[in-house]
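Before any comments, here is the structure.
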Amino acid sequence: MAGIIFTLLMLIMLQAVLGFDNLLYISLESKKAPESEQKRVRKVGILIAIVLRIVLLFVLVSIIDFFQEPFSFLTGEIKDIIKFAFNGHSIIVLAGGAFIIYTAIKEIWHMISTTGLEVSEMATGKSTKSANAVVTSIVIMNLVFSFDSILAAIGLTSEIESSTTAFIVMAIAIVISGLLMLFMADKISTFLSKNRMYEVLGLFILFIVGIMLITEGGHLAHLKLFGNEIVPMSKTTFYFVLAILIIVDVVQGRYQKRLTAEKALQEAKKAKDL
């Protein structure tokens with residue numbers, strides 16, 4: 001019994017750590033919905049995703065070999081340029097990574113090319129997506145993010161003799177982590193709303209998440225380019241880059257405030273001399 005409880009706690013921690021990038025995506029994506037619908041969109045999206053995660057867990061437990069075995073029609077080599085052996089797992093991860101990179105680039109480009117009129121519209125809360133479309137995006141990406149965490153959970157529970165007990169333990173961990181995500185989503189969204197400058201940081205973090213998924217998908221597909229195997233970005237590297245981005249952003253923000261204060265002081269001195 002003690003071993004099962006320990007495994008459950010480990011699973012909850014695993015889901016929480018691996019769910020950070022998912023949580024960031026939910027917070028940023030929900031801002032595209034009408035302002036009055038954003039809180040409901042986050043809750044509905046996460047609740048639906050929790051149910052679908054349990055369904056996905058059941059499916060993976062039942063047909064896990066199908067996702068790991070390479071497809072014969074997607075296995076091959078093009079001269080000495082590229083070699084590949086795609087399976088279900090690699091295709092899902094690659095598609096999710098590509099979509100996240102596309103989303104991040106699109107939002108960053110929108111930020112730097114926004115006109116004065118568009119800024120005014122953004123400030124008044126005009127949305128670019130319907131609430132249902134945002135919920136759909138949240139649910140789909142939640143499933144993409146949860147794929148690896150579920151596979152890791154299956155590995156952690158492999159020592160539990162009863163498959164039914166293992167499934168129940170994993171389902172409980174998914175529900176608890178989902179409820180934590182539900183609680184934290186509003187907190188992060190509120191923080192980003194009050195500190196708009198951190199939205200850029202969040203989008204670049206998402207961009208790195210996309211790269212991490214692309215490299216992981218390439219590794220799962222045994223992808224080789226010009227004889228060089230694609231190596232997945234480790235979580236340690238991801239969190240190190242994340243820490244560097246945050247530090248740079250904080251330092252840049254404080255330095256910008258210092259420059260603004262010095263400029264205001266100089267203008268005040270000039271006005272006084274006149």
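Here the OG atom belonging to S30 is positioned 5.5 Å from the CD atom belonging to Q38, to the nearest 0.5 angstrom. Between atom CZ of residue R42 and atom CD of residue E29 there is a gap of 12.0 Å, rounded to the nearest 0.5 Å. Expressed to the nearest 0.5 Å, how far CG of L223 lies from CD1 of I82 amounts to 4.5 Å. Atom NZ of residue K263 and atom CD of residue Q266 lie 9.5 Å apart, to the nearest 0.5 angstrom. Here the CD1-CD1 distance, from I214 to I230, works out to 10.0 Å after rounding to the nearest 0.5 Å. Of the inter-residue distances, the one linking N87 atom CG with T75 atom OG1 reads 8.5 Å to the nearest 0.5 angstrom.
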Query raised in the report: So V41 and I138, side-chain contact (heavy atoms from CB on, under 4.5 Å) or not? Walk me through it.
Result: CA-CA 9 Å; V41 160; I138 289 174; 3.8 Å; yes
**Report entry** Verdict with supporting geometry, I46 and L179, side-chain contact (heavy atoms from CB on, under 4.5 Å)
**Finding:** CA-CA 8 Å; I46 293 174; L179 293 176; over 6 Å; no
**Report entry** From CA spacing to verdict: side-chain contact (heavy atoms from CB on, under 4.5 Å), L213, I101
**Finding:** CA-CA 10 Å; L213 290 177; I101 290 175; over 6 Å; no
Report task. Take H222 and K83 through the side-chain contact (heavy atoms from CB on, under 4.5 Å) test and state the conclusion after the steps. Result -> CA-CA 7 Å; H222 305 287; K83 186 178 181 180; over 6 Å; no
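Open room surrounds OH on Y255; 12 or fewer heavy atoms of other groups in view lie less than 6.0 Å from it.
Under the 4.5 Å side-chain heavy-atom criterion for grouping Ile, Leu, Val, Met, Phe, Trp and Tyr, F183 is connected to V44 within one hydrophobic cluster. Transitive grouping of hydrophobic side chains (ILVMFWY, heavy atoms separated by less than 4.5 Å) brings I105 and M212 into a common cluster. In the hydrophobic cluster analysis, where Ile, Leu, Val, Met, Phe, Trp and Tyr join through side-chain heavy atoms closer than 4.5 angstrom, V250 is grouped apart from L259. By the rule that hydrophobic residues join a cluster once side-chain heavy atoms approach within less than 4.5 Å of another member, L47 and V135 end up as members of one cluster. No continuous path of ILVMFWY side-chain contacts below 4.5 Å connects I140 to I48, so the two sit in separate hydrophobic clusters.
No side-chain heavy atom of H219 sits less than 4.5 Å from a side-chain heavy atom of V231. V175 has its side chain within reach of I50: a pair of non-hydrogen atoms, C-beta onward, lies under 4.5 Å apart. Using a 4.5 Å heavy-atom threshold, the side chains of L242 and I246 count as touching.
Residues A131 and P34 share a closest heavy-atom pair of N-CD, 4.1 Å. Between L94 and G218, the closest heavy-atom pair is CD2-N, 3.7 Å.
Classification of the F84-F86 ring pair by plane angle, with boundaries at 30° and 60°, yields tilted.
For I172, the side-chain contact (heavy atoms from CB on, under 4.5 Å) partners two or more places apart in sequence, or in a different chain, are L8, I168, I176. Applying the side-chain contact (heavy atoms from CB on, under 4.5 Å) rule to T237 yields the partners M233, S234, V241; only residues at least two apart in sequence or on another chain are considered.
Between E37 and R40 there is a salt bridge, since a side-chain N of the basic residue sits under 4.0 Å from a carboxylate O of the acidic one.
F240 belongs to a hydrophobic cluster whose other members, connected by ILVMFWY side-chain contacts under 4.5 Å either directly or through intermediates, are I244, V248.
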